[in-house]
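The structure appears below as structure tokens.
First listed ligand is number 1; within each ligand, the first listed atom is number 1. Positions are given from 1 along the sequence.
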Amino acid sequence: MSTKTNLIQGDVQKRIDTWIATYPADQRQSATMPALRIVQEANGGHLTTELMNEIADYLGVAPISVYEVATFYGNYNHQPVGKYQINWCNSVSCFLRGGEALREKMEQKLGVKSGEVTADGKFSIKKVECLGACGGAPMCKIDKTYYENLDETSLFRILDELE
Ligand code: FES
């Protein structure tokens with residue numbers, strides 16, 4: 001199926017088609033994850049039901065199969081995000097090393113709770129499961145950069161620099 005949608009056109013469509021072409025013709029659904037990533041990027045960092053439906057339509061699969069992937073993996077956002085997405089590790093090593101209290105201080109500093117975006121659109125906070133850097137707990141990932149062994153001083157300095 002090659003139905004054109006509002007967002008899947010032009011460069012977005014080309015990028016998805018590049019992924020589709022890497023799979024056998026009868027397995028367009030294999031491009032679900034890259035299609036979600038590309039559409040999420042094109043939509044400013046988050047997905048909507050309408051966009052997931054557009055992806056399903058474009059790939060020729062049932063919408064539920066796209067929803068399942070998009071809700072299973074933590075790298076897809078279902079709410080608006082800030083320019084800088086703070087992925088805050090909420091798992092046990094980080095928790096035991098003060099991660100929760102530090103996150104609360106960060107929320108106070110930024111004036112938002114996890115799942116929200118700051119009024120200026122710069123930061124959003126998302127609680128995530130272990131990011132595989134337990135030796136550097138407590139830690140977070142902001143966009144693609146890992147920040148480890150955080151304390152209030154180092155975390156606030158990082159946020160101030162991004163600001
Ligand atoms: S528990 Fe935080 S990185 Fe593993």
Side-chain angles (χ1 to χ4, degrees), residues 7 12 15-16 18-20 22-23 27 29-52 54-56 59 61 63-163:
L7 198 130
V12 170
R15 290 172 64 200
I16 294 173
T18 299
W19 279 98
I20 290 171
T22 66
Y23 302 107
Q27 291 180 31
Q29 77 275 12
S30 298
T32 299
M33 289 182 72
L36 283 165
R37 178 176 47 77
I38 291 163
V39 167
Q40 177 170 272
E41 276 174 24
N43 192 49
H46 79 287
L47 296 164
T48 63
T49 302
E50 183 184 45
L51 289 172
M52 291 188 286
E54 289 181 14
I55 291 169
L59 297 179
V61 300
I64 186 67
S65 67
V66 175
Y67 302 162
E68 283 172 352
V69 174
T71 55
F72 182 78
Y73 294 99
N75 47 340
Y76 303 115
N77 302 309
H78 299 277
Q79 293 173 336
V81 295
K83 177 180 176 191
Y84 299 109
Q85 299 176 49
I86 303 168
N87 290 281
W88 191 265
C89 178
N90 202 41
S91 290
V92 65
S93 296
C94 288
F95 179 86
L96 290 174
R97 298 203 63 198
E100 185 175 29
L102 190 54
R103 176 179 48 77
E104 287 170 0
K105 285 181 182 164
M106 175 180 64
E107 290 175 349
Q108 282 172 10
K109 174 178 169 65
L110 295 178
V112 289
K113 294 281 187 196
S114 298
E116 296 175 347
V117 184
T118 55
D120 61 5
K122 279 204 175 142
F123 296 99
S124 57
I125 305 169
K126 182 178 182 181
K127 289 194 265 186
V128 298
E129 298 305 317
C130 179
L131 289 165
C134 315
M139 60 80 63
C140 70
K141 179 167 80 89
I142 303 178
D143 295 331
K144 292 179 179 161
T145 304
Y146 278 45
Y147 297 94
E148 302 179 20
N149 299 303
L150 292 169
D151 57 20
E152 185 174 334
T153 303
S154 60
L155 176 61
F156 282 18
R157 189 180 62 241
I158 290 160
L159 297 175
D160 289 341
E161 283 171 4
L162 291 172
E163 194 121 29

- Within-2.8 Å protein N/O/S contacts of atom 2 (Fe) of ligand 1: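 Protein N, O or S atoms closer than 2.8 Å to atom 2 (Fe) of ligand 1: Cys89 SG, Cys94 SG.
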
- Would the number of heavy atoms belonging to other residues, nucleotides or ligands and lying under 6.0 Å from OH of Tyr146 be above 12?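 Check passes, neighbour count above 12.
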
- Message: Taking CZ in Phe95 as the centre, count heavy atoms belonging to other residues, nucleotides or ligands within less than 6.0 Å. Is the count above 12?
- Response: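 Incorrect, the count does not exceed 12.
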
- Message: The criterion is side-chain hydrogen bond (donor to acceptor under 3.5 Å, both in side chains); which residues satisfy it with Glu104, sequence neighbours excluded?
- Response: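 Not a single residue meets the side-chain hydrogen bond (donor to acceptor under 3.5 Å, both in side chains) criterion with Glu104.
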
- Message: Can you list everything that forms a side-chain hydrogen bond (donor to acceptor under 3.5 Å, both in side chains) with Glu41? Sequence neighbours excluded, please.
- Response: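 Partners of Glu41 under the side-chain hydrogen bond (donor to acceptor under 3.5 Å, both in side chains) test: Arg15.
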
- Once the angle between the rings of Tyr76 and Tyr73 is folded into 0 to 90°, is it parallel (under 30°), tilted (30 to 60°) or perpendicular (over 60°)?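 If you compare the ring of Tyr76 with that of Tyr73, the planes turn out perpendicular.
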
- Output every pair passing side-chain hydrogen bond (donor to acceptor under 3.5 Å, both in side chains) with a member in residues 119-136, not counting sequence neighbours, ordered by first then second residue.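 Sorted pair list: Asn77-Lys126, Ser91-Glu129, Thr118-Asp120.
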
